[in-house]
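Keep in mind that the numbers below use all heavy atoms, side chains included, and drop hydrogens, waters and symmetry copies.
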Amino acid sequence: MGDPARKSALYDAFAHTGKALSSGKRLELLDLLAQGERTVDALAKAAGLNLTTASAHLQTLKQAGLVATRREGVRIHYRLAGDDVAVLYALLRRVAQTHQAGVEAARTAYLGDDQPEEVGREELLSRARAGEVVVLDVRPAEEYAAGHIPGALSIPVEELADRIAELPADTEVVAYCRGEYCVLAHEAVRLLTAHGRRAVRLSDGMLEWRLADLPVTTGEAA
C-alpha cells in the first residue's frame, strides 16, 4: 500500500507546480517567455507590472522549476526551463477552453466578435513556399529576433498603420503573433482590411508553431 505520508509528500510536490500556475499574471509571463528569453525589466513592461511584482511572480515560477535564469552583468535574464513548460502552458489553455464555460466569453471579449479569416500552419507553409502570400510577424521586434517563421516580414502592430506601403499591394497577407489567444494579429488583420488589403491570420501563432517543430529562423529584420 505504501507509506501514506510519503504519498502525500509526492502529491504535494506535484501541487507545487499547480500553485505556481494559479495566477493569470504568471501565466502571462510564461506566454511572453515562450517567445524567447527576456530580462525582468522587459517582462515587467510587457506584462504591465511594476518591477517588484514582476520579480515576485518570476521567483515563484523559478521555485517551481518552470523558469531558469542567467546573469549578464547586473541584469537577470529569464527563460522557460524547457520545451515541456511550453507544452504544459499550451495544454492548460486548451483544457480550460474545452471544459470551462467562462473562457470562451472572455476570449471573445478580448479578441473581438469579428473573427478574421484564418489559415492553418500547413496551409501557410505551402502558400508561402509557393510565393502566394506575404507572411507578416506583428510581434515586438525582440520577439521576432528570438525566432520567427522563415521569410516573415517584421512590422510590429503599433507601426503597421505607418508602414503599410512596405507590403505588396497585390498579395494576400497572413499575419501572426504569439499564439492562439494573442490579439496582435487580429488587430493587424482589421487594420489591413480597413485599408483595402487582403489579409487573414494564422489560426494560432509562434508558440504552437514551435511546439509543432516547424522551421524557425532567428535574427533581426533586415
*Sequence neighbours left out, what passes side-chain hydrogen bond (donor to acceptor under 3.5 Å, both in side chains) with Glu117? Give chain and number order.*
none
*Given salt bridge (charged side-chain N to carboxylate O under 4.0 Å, His left out), test Glu72 with Arg70 step by step and report yes or no.*
CA-CA 7 Å; Glu72 187 178 82; Arg70 70 175 179 88; 3.4 Å; yes
*asked:* Could you report the tightest heavy-atom contact between Leu51 and Ala44, atom names first, then the distance?
replied: CD2-CB, 4.0 Å
*Which pair of heavy atoms, one from Gly147 and one from Val216, lies closest together, and at what distance?*
CA-CG1, 3.6 Å
*asked:* Quick check on side-chain hydrogen bond (donor to acceptor under 3.5 Å, both in side chains): which of Arg93, Arg94, Arg107 does Glu180 satisfy it with?
replied: Arg94
_Residue list, ring pair (Phe, Tyr, Trp, His ring centres under 6.0 Å) with His57, at least two apart or on another chain_ = none
*Under 4.5 Å between any side-chain heavy atoms of Ile149 and Asp137, yes or no?*
no
*Does the side chain of Leu214 come within less than 4.5 Å of Arg121's, by heavy atoms?*
yes
*Would you mind reporting whether Leu66 and Thr60 have side-chain heavy atoms less than 4.5 Å apart?*
no
*asked:* Determine whether Arg178 and Asp31 satisfy the following criterion, salt bridge (charged side-chain N to carboxylate O under 4.0 Å, His left out), listing intermediate values before the conclusion.
replied: CA-CA 8 Å; Arg178 292 168 180 149; Asp31 187 55; 5.2 Å; no
*Looking at OG1 of Thr69 and CD of Glu37, how far apart are the two atoms once the value is rounded to the nearest 0.5 Å?*
9.5 Å
*Which pairs pass side-chain hydrogen bond (donor to acceptor under 3.5 Å, both in side chains) with one or both residues in residues 188-197, sequence neighbours excluded?*
Asp114-Arg190
_For residues 73-92, which residue pairs pass the salt bridge (charged side-chain N to carboxylate O under 4.0 Å, His left out) check, not counting sequence neighbours?_
Asp41-Arg75
_Does Leu167 form a side-chain contact (heavy atoms from CB on, under 4.5 Å) with Leu192? I'd like the steps, not just the answer._
CA-CA 10 Å; Leu167 299 171; Leu192 290 167; 3.8 Å; yes
*According to the side-chain hydrogen bond (donor to acceptor under 3.5 Å, both in side chains) rule, which pairs have a member within residues 14-25, sequence neighbours left out?*
Lys25-Glu28
*Given side chains that start at C-beta, do those of Leu202 and Asp204 come closer than 4.5 Å, heavy atoms only?*
yes
*Quick one: are Pro150 and Pro215 in side-chain contact, heavy atoms under 4.5 Å?*
yes
*Quick one: are Leu21 and Leu88 in side-chain contact, heavy atoms under 4.5 Å?*
yes
*Pairs meeting criterion salt bridge (charged side-chain N to carboxylate O under 4.0 Å, His left out) with involvement of residues 42-60, two or more places apart*: none
_Arg127 vs Glu122, test: salt bridge (charged side-chain N to carboxylate O under 4.0 Å, His left out). Steps then yes/no._
CA-CA 9 Å; Arg127 295 181 66 190; Glu122 294 301 326; over 6 Å; no
*Of all residues at least two apart in sequence or in a different chain, which pass the side-chain contact (heavy atoms from CB on, under 4.5 Å) check with Val87?*
Leu211
*asked:* Hydrophobic cluster membership, with links at side-chain heavy-atom distances under 4.5 Å among I/L/V/M/F/W/Y: are Trp209 and Val200 in one?
replied: yes
*For Pro116 and Val189, which heavy atoms make the closest approach, and how far apart are they?*
CB-CG1, 3.5 Å
*Are Val67 and Val85 joined in one hydrophobic group, where the rule is that I, L, V, M, F, W and Y side chains link up if heavy atoms are under 4.5 Å apart?*
yes
*Compare every heavy atom of Ser154 with every heavy atom of Ala221, then report the nearest pair and how far apart it is.*
CB-CB, 3.9 Å
*Scan residues 2-16 for pairs that pass salt bridge (charged side-chain N to carboxylate O under 4.0 Å, His left out), counting only residues two or more places apart or in two chains.*
none
_Suppose we screen for side-chain contact (heavy atoms from CB on, under 4.5 Å). Which residues come up paired with Ala188, at least two apart in sequence or across chains?_
Val138, Val157, Leu160, Ala175
*About how many Å separate CG of Leu136 and CD of Glu166, when rounded to the nearest 0.5 Å?*
10.0 Å
*asked:* If I compare all heavy atoms of Leu80 with all of Ala34, which pair ends up nearest, and what's the gap?
replied: CD1-CA, 3.8 Å
*Check for a donor-acceptor pair, side chain of Gln100 on one end and backbone N or O of Gln97 on the other, with a separation under 3.5 Å.*
no
_On a heavy-atom basis, which atom in Val133 and which in Leu124 lie closest, and how many Å separate them?_
CG2-CD1, 4.1 Å
_Hphob cluster co-occupancy, Leu27 + Leu61, side-chain heavy atoms under 4.5 angstrom_ = yes
_Candidate list Arg210, Arg139, Glu142, test side-chain hydrogen bond (donor to acceptor under 3.5 Å, both in side chains), partner Gln35, passing option_ = Arg139
*Hphob cluster co-occupancy, Tyr181 + Leu32, side-chain heavy atoms under 4.5 angstrom*: no
*Honestly curious: do Val174 and Leu111 fall in one hydrophobic cluster under the side-chain, below-4.5 Å linking rule?*
no
*asked:* For the backbone of Leu49 and the side chain of Thr53, can you confirm whether one donor and one acceptor N or O come within less than 3.5 Å of each other?
replied: no
*Look only at the side chain of Glu104 and the backbone of Ala101, and say whether a donor-acceptor pair between them is shorter than 3.5 Å.*
no
*Quick one: ring pair (Phe, Tyr, Trp, His ring centres under 6.0 Å) pairs with a partner in residues 146-177, sequence neighbours left out?*
Tyr144-His148
_Atom pair CD1 (Ile155) and CZ (Arg163), whose distance is rounded to the nearest 0.5 Å_ = 4.5 Å
*Apply side-chain hydrogen bond (donor to acceptor under 3.5 Å, both in side chains) to Ser126 and list each qualifying residue two or more places apart in sequence or on a separate chain.*
none
_Partner residues of Glu123 under the side-chain hydrogen bond (donor to acceptor under 3.5 Å, both in side chains) criterion, sequence neighbours left out_ = none
*Which distance, rounded to the nearest 0.5 Å, do you find between the OH of Tyr89 and the CG of Leu29?*
10.0 Å
*Quick one: are Leu43 and Tyr78 in side-chain contact, heavy atoms under 4.5 Å?*
yes
*Does a side-chain heavy-atom distance below 4.5 Å link Leu58 with Ile76?*
no
*Working to the nearest 0.5 Å, report the span between SG of Cys177 and NE2 of His186.*
8.0 Å
